[in-house]
Amino acid sequence: MDFQILLADDDEDDCMFFREALEELSLCATLKTVNNGVELMNFLENNLLNLPQMLFLDLNMPRKSGAECLEEIKQSEKFKHLPVIIYSTSSNIDVMDQLYGKGAQYYIRKPADFSNLKSVISRTIDLILQKNVLPSCREEFEIQP
């Protein structure tokens, strides 16, 4: 089964590492990338009939932050069922709690190590494809390598 993943991240290196990790996992997945929050929301609006199966969303992006995009997505009838995985360098617990409360499915702290990156991407995709629902409790929200 081929599924689509959307990555919203303004850091070109992070996008490249994510793409390389995904390719090494040998999954039947197509990766699309957008580089800011406005581009993300436009992409979703223009692909209503072919939305991705999951969105990896960076928090710190220009023009519209990841948190603002998450809020828009989860308040929209068209997009609220899209699984959103926060993909950020932040380890602020208060921010994680807010994002969990706003409907993000999972939280990944961007790993510096490539094998850890592959591991968290793989585990997250498995969880989304198996459950496709919110984690049952806050403790399951952050995915660790």
Side-chain angles (χ1 to χ4, degrees), residues 1-37 39-41 43-44 47-62 64-145:
M1 169 181 102
D2 189 28
F3 57 95
Q4 288 192 350
I5 297 171
L6 180 59
L7 171 63
D9 195 328
D10 64 315
D11 186 305
E12 286 183 32
D13 289 338
D14 286 349
C15 289
M16 183 186 68
F17 289 130
F18 191 100
R19 182 176 300 281
E20 288 173 3
L22 193 59
E23 286 170 0
E24 284 197 19
L25 291 171
S26 302
L27 300 169
C28 292
T30 304
L31 179 67
K32 300 265 187 219
T33 57
V34 293
N35 301 116
N36 65 60
E39 199 179 323
L40 166 62
M41 297 314 295
F43 178 90
L44 294 176
N47 290 279
L48 287 174
L49 299 176
N50 193 23
L51 288 174
Q53 275 74 34
M54 61 195 77
L55 164 63
F56 287 80
L57 178 61
D58 183 30
L59 286 180
N60 299 313
M61 292 189 296
K64 187 180 284 193
S65 74
E68 290 171 300
C69 292
L70 173 65
E71 212 163 320
E72 263 185 64
I73 289 167
K74 293 305 176 178
Q75 290 174 356
S76 165
E77 283 301 314
K78 298 178 279 193
F79 308 130
K80 70 179 181 184
H81 300 294
L82 174 64
V84 178
I85 301 97
I86 303 300
Y87 182 63
S88 178
T89 54
S90 172
S91 57
N92 184 317
I93 297 297
D94 293 336
V95 170
M96 285 185 207
D97 288 343
Q98 288 173 354
L99 296 165
Y100 177 77
K102 289 181 180 181
Q105 267 70 16
Y106 295 104
Y107 190 98
I108 295 174
R109 221 175 306 156
K110 291 180 180 180
D113 179 79
F114 189 71
S115 65
N116 286 346
L117 177 60
K118 287 191 334 190
S119 171
V120 293
I121 291 172
S122 178
R123 287 194 28 237
T124 305
I125 290 170
D126 286 346
L127 286 167
I128 294 290
L129 294 178
Q130 286 170 22
K131 295 207 258 188
N132 205 7
V133 293
L134 282 172
S136 56
C137 62
R138 171 62 181 86
E139 289 71 32
E140 296 175 6
F141 182 57
E142 185 179 2
I143 297 180
Q144 309 264 346

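Computation of the quantities below employed the complete heavy-atom set of this structure, encompassing side-chain atoms and omitting hydrogens, waters and symmetry-equivalent molecules.
- Heavy atoms only, all atoms of each residue included: Leu51 and Lys78 are closest at CD1-O, 3.7 Å.
- Interatomic distance, CG of Leu82 versus CD of Gln105, reported as 8.0 Å (0.5 Å rounding).
- Using a 4.5 Å cut-off on side-chain heavy atoms (C-beta onward), Ser65 and Leu70 make no contact.
- Leu6 places none of its side-chain heavy atoms less than 4.5 Å from the side chain of Asn47.
- To the nearest 0.5 angstrom, Phe114 atom CZ is 11.0 Å from Phe18 atom CZ.
- The backbone N or O of Gln4 sits less than 3.5 Å from a side-chain atom of Gln53, completing a donor-acceptor pair.
- Counting heavy atoms from C-beta outward, Ile121 and Ile125 have side chains that approach closer than 4.5 Å.
- Residues passing the ring-ring contact (aromatic ring centres under 6.0 Å, His included) test with Phe79, sequence neighbours excluded: none.
- A donor-acceptor pair under 3.5 Å is absent between the side-chain atoms of Ser76 and the main chain of Glu72, judged by distance alone.
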Acceptor/donor pairs from residues 25-36 side chains to any protein atom, 3.5 angstrom cut, sequence neighbours excluded:
| unit_1 | atom_1 | unit_2 | atom_2 | d |
| --- | --- | --- | --- | --- |
| Thr30 | OG1 | Asp2 | OD2 | 3.3 |
| Asn35 | ND2 | Asp9 | O | 3.2 |
| Asn36 | OD1 | Val38 | N | 3.0 |
| Asn36 | OD1 | Glu39 | N | 2.7 |

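- Note: Lys102 NZ to Ile73 CD1 = 12.5 Å, rounded to the nearest 0.5 Å.
- Nearest heavy-atom pair, Tyr87 versus Lys110, reported as atom, atom and distance to 0.1 Å: O-CE, 3.4 Å.
- Side chain of Lys74 to main chain of Lys80: a donor-acceptor pair is present (N/O by atom type, distance under 3.5 Å, no hydrogens or angles).
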Q. Does the side chain to side chain contact (heavy atoms under 4.5 Å, CB included) test come out yes or no for Met96 and Arg109, once each step is laid out?
A. CA-CA 10 Å; Met96 285 185 207; Arg109 221 175 306 156; 4.1 Å; yes

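- Closest approach of Ser88 and Ser90 over heavy atoms only: OG-N, 3.1 Å.
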Yes or no on side chain to side chain contact (heavy atoms under 4.5 Å, CB included) for Ile85 and Ile128, after CA distance, side-chain angles and deciding distance? CA-CA 9 Å; Ile85 301 97; Ile128 294 290; 4.2 Å; yes

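- Of all heavy-atom pairs between Ala21 and Lys118, the closest is CB-CG, 3.6 Å.
- Expressed to the nearest 0.5 Å, how far CG of Leu59 lies from CD of Glu68 amounts to 11.0 Å.
- How far CG of Asp10 is from CG of Asn60: 8.0 Å, rounded to the nearest 0.5 Å.
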Verify side chain to side chain contact (heavy atoms under 4.5 Å, CB included) between Ile86 and Val95, making sure each step is shown before the conclusion.
CA-CA 11 Å; Ile86 303 300; Val95 170; over 6 Å; no

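- Residues Leu99 and Tyr107 come closest through the heavy atom pair CD1-CE1, 3.7 Å.
- Atoms CG and CD1, on Leu57 and Ile108 in that order, are 11.5 Å from each other to the nearest 0.5 Å.
- Between Lys64 and Cys69, the shortest heavy-atom contact is CD-SG, 3.7 Å.
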